[in-house]
Amino acid sequence: MNTKERFSDTFFTRQLMRWNANFNFREMPWKGESDPYKIWLSEIILQQTQVAQGLSYYHKFIQTYPTVSHLNNADPNDVFKLWEGLGYYSRCKNLLFAANQIVTNFNCRFPDTYNDILSLKGIGPYTAAAIASFAFKLPYAVVDGNVIRVLSRYFAISTPYDTTEGKKIFQEKANELLDTKQPHLYNQAIMDFGATVCTPANPACIQCILSKHCASNLKNNVLDFPVKSKKILKRKRFFIFLIIENNKKQILVKKREQNDIWQNLHQFFEIENESLFLAENDTLFQTLKTQFPGLQFSDQLTVFDEQKQTLTHQTVYSKFITGVQLNDPEIASGYSWINIADLDKIAFPKTAQKAVKELIFIKKTP
DNA sequence: AAGGCGGGGGC
DNA sequence: GCCCCAGCCTT
């Protein structure tokens with residue numbers, strides 16, 4: 001083998017496929033699956049989500065909605081309830097939208113060309129390539145976080161991947177490297193390789209069968225790759241949620257429809273106010289009483305639960321307060337009453353789930 | 001082109 | 001604390 005061949009694309013691909021055949025012991029339920037519906041579900045669930053985190057959701061969804069028709073006929077609230085806790089809730093909304101696209105535009109049959117798959121809501125270049133290759137053996141190369149990491153290190157690509165130019169470069173490189181005769185095996189192989197060998201921190205370069213030809217490893221700067229251009233700014237949010245109860249064991253809630261976090265999930269009566277949040281309880285309760293004459297605050301006004309949640313772009317602080325009733329119905333416009341016993345049928349953000357659980361628990365214990 | 005979107009886990 | 005994860009949509 002001459003030098004040119006050793007450092008060629010075909011060398012990379014051949015070595016990777018060899019690793020896959022002999023040393024890839026990663027197991028996942030959808031591996032080798034050919035039902036495009038199941039592959040689609042697994043891919044949507046795993047967008048920006050680690051396998052371990054998405055696994056139980058995959059099983060729940062397959063069991064509850066075994067076909068695209070089941071999903072399309074479902075009550076959206078039930079689907080969101082099943083998605084509850086997984087995050088990135090627009091994925092769930094788009095899942096429902098796409099299920100309808102498949103039923104109405106494609107006569108209930110999952111589309112079998114790259115462009116038709118790409119036309120479905122919530123499916124971008126990565127997911128379209130994954131479904132096209134895994135379900136239909138079509139020659140499209142996936143580019144996900146794993147692929148970007150492996151390629152940027154092996155070829156020492158220093159173009160930031162989160163730019164238009166970077167995306168183009170990585171996609172083109174991935175296309176060149178693809179084993180077009182067995183794209184499903186190749187795509188699975190490179191992602192498994194990234195997830196188990198060429199990991200973000202502490203990559204296993206010592207045992208890596210590609211390390212002798214890996215440009216960044218040869219320069220001893222593996223951890224400088226991949227290169228990213230933007231830094232995420234984080235802002236703080238302070239929410240006070242009043243758990244307003246009537247004398248029929250009902251709680252005031254509404255679905256979050258605004259352009260904000262937790263769209264399509266539910267919330268209690270919301271007050272977003274930093275200084276109020278940070279105030280002492282006495283001051284907080286006193287201010288609430290004067291600012292909301294339409295509410296009636298009991299003597300046992302208490303902070304029921306307090307939470308801090310770290311999201312990608314925000315740090316969210318939440319207080320849940322009980323002991324509040326309604327004087328003036330006007331205050332509650334946009335909200336509606338729900339039986340406490342039914343609170344577990346609708347989806348809430350993770351940060352509210354402790355409060356929800358305790359509410360239901362209290363209701364059950366007289 | 002840039003910004004927003006959840007929650008969990010590794011270090 | 002910061003970074004990453006089988007990315008995508010909207011503006």
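Side chains included, hydrogens not; waters and symmetry mates left out as well; all remaining heavy atoms used. Every chain is numbered from 1, with letters handed out A, B, ... down the list of sequences.
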Rounded to the nearest angstrom, tell me the gap between atom [atom1] in [X] and atom [atom2] in [N].
X: A:Asp162; N: C:dC4; atom1: CG; atom2: C1'; value: 13 Å
X: A:Ile232; N: C:dG1; atom1: CD1; atom2: P; value: 16 Å
X: A:Leu223; N: C:dC3; atom1: CG; atom2: C1'; value: 12 Å
X: A:Lys228; N: C:dC3; atom1: NZ; atom2: P; value: 7 Å
X: A:Asn202; N: B:dG9; atom1: CG; atom2: C1'; value: 14 Å
X: A:Leu265; N: B:dC5; atom1: CG; atom2: C1'; value: 12 Å
X: A:Arg256; N: B:dG4; atom1: CZ; atom2: P; value: 15 Å
X: A:Asn264; N: B:dC5; atom1: CG; atom2: P; value: 14 Å

_Nucleotide-resolved protein contact map, nucleotides 5-11 of chain C, B/S/- at heavy-atom distance under 4.0 Å_ = BBBSSS-

*A:Leu311, nearest nucleotide to its side chain (from B:dG6, B:dC11, C:dC3)*: B:dG6

*A:Ala201 has a side chain; which of B:dG7, B:dG4, B:dC11 sits nearest to it?*
B:dC11

*Any chance you could encode DNA chain B as dot-bracket? Rule is Watson-Crick or G-U wobble with both distances under 3.5 Å; [ ] for pairs crossing earlier ones, | for another strand.*
|||||.|||||

*Enumerate the residues from residues 74-87 of chain A whose closest heavy atom to DNA chain B is under 4.0 Å, giving them by residue number; use none for an empty result.*
A:Gly85, A:Leu86, A:Gly87

Could you give all pairs that pass the salt bridge (Lys or Arg N to Asp or Glu O under 4.0 Å) test and reach [range], with sequence neighbours left out?
range: residues 264-279 of chain A; value: A:Arg237-A:Glu272, A:Arg256-A:Glu270
range: residues 169-179 of chain A; value: A:Asp9-A:Lys173, A:Lys168-A:Glu172, A:Lys173-A:Glu176
range: residues 190-210 of chain A; value: A:Arg26-A:Asp192, A:Lys31-A:Asp192
range: residues 325-342 of chain A; value: A:Asp342-A:Lys345

*asked:* Going by ring pair (Phe, Tyr, Trp, His ring centres under 6.0 Å), name the residues that satisfy it together with A:Phe277, two or more places apart in sequence or in a different chain.
replied: A:Phe238

*asked:* Suppose we screen for ring pair (Phe, Tyr, Trp, His ring centres under 6.0 Å). Which residues come up paired with A:Phe134, at least two apart in sequence or across chains?
replied: none

Can you confirm whether or not the ring centre of [X] sits under 6.0 Å from the ring centre of [Y]?
X: A:Phe136; Y: A:Tyr114; answer: no
X: A:Tyr317; Y: A:Phe239; answer: no
X: A:His213; Y: A:Tyr154; answer: no

*asked:* Filter on side chain to side chain donor-acceptor pair (under 3.5 Å), then keep only pairs touching residues 78-89 of chain A, sequence neighbours left out; what's left?
replied: A:Lys81-A:Glu84

*Considering just the side-chain nitrogens and oxygens of A:Lys234, establish if one lies under 4.0 Å of OP1 or OP2 belonging to C:dG1.*
no

*Which value, in whole Å, describes the distance between the P atoms of nucleotides C:dA6 and B:dC5?*
22 Å

*Using the P atom on both, measure B:dG8 against C:dC8 and round to a whole Å.*
23 Å

Show me the donor-acceptor pairs, under 3.5 Å and distance only, between side chains in residues 119-131 of chain A and residues at least two apart or in other chains.
| unit_1 | atom_1 | unit_2 | atom_2 | d |
| --- | --- | --- | --- | --- |
| A:Ser119 | OG | A:Asp116 | O | 2.6 |
| A:Tyr126 | OH | A:Glu43 | OE1 | 2.7 |
| A:Thr127 | OG1 | A:Gln47 | NE2 | 3.0 |

List the atom pairs, with distances to 0.1 Å, where a side-chain N or O of residues 61-69 of chain A and a protein N or O form a donor-acceptor pair under 3.5 Å, not counting sequence neighbours.
| unit_1 | atom_1 | unit_2 | atom_2 | d |
| --- | --- | --- | --- | --- |
| A:Thr64 | OG1 | A:Lys60 | O | 2.6 |
| A:Thr67 | OG1 | A:Ser69 | N | 3.3 |
| A:Thr67 | OG1 | A:His70 | N | 3.3 |
| A:Thr67 | OG1 | A:His70 | ND1 | 2.6 |

*With heavy atoms under 4.0 Å as the rule, sort A:Asn187 into base, sugar-phosphate or nothing.*
nothing

*Please tell me which of A:Thr163 and A:Pro349 maps to the more 5' nucleotide of DNA chain B, matching each residue to the nucleotide holding its nearest heavy atom.*
A:Thr163

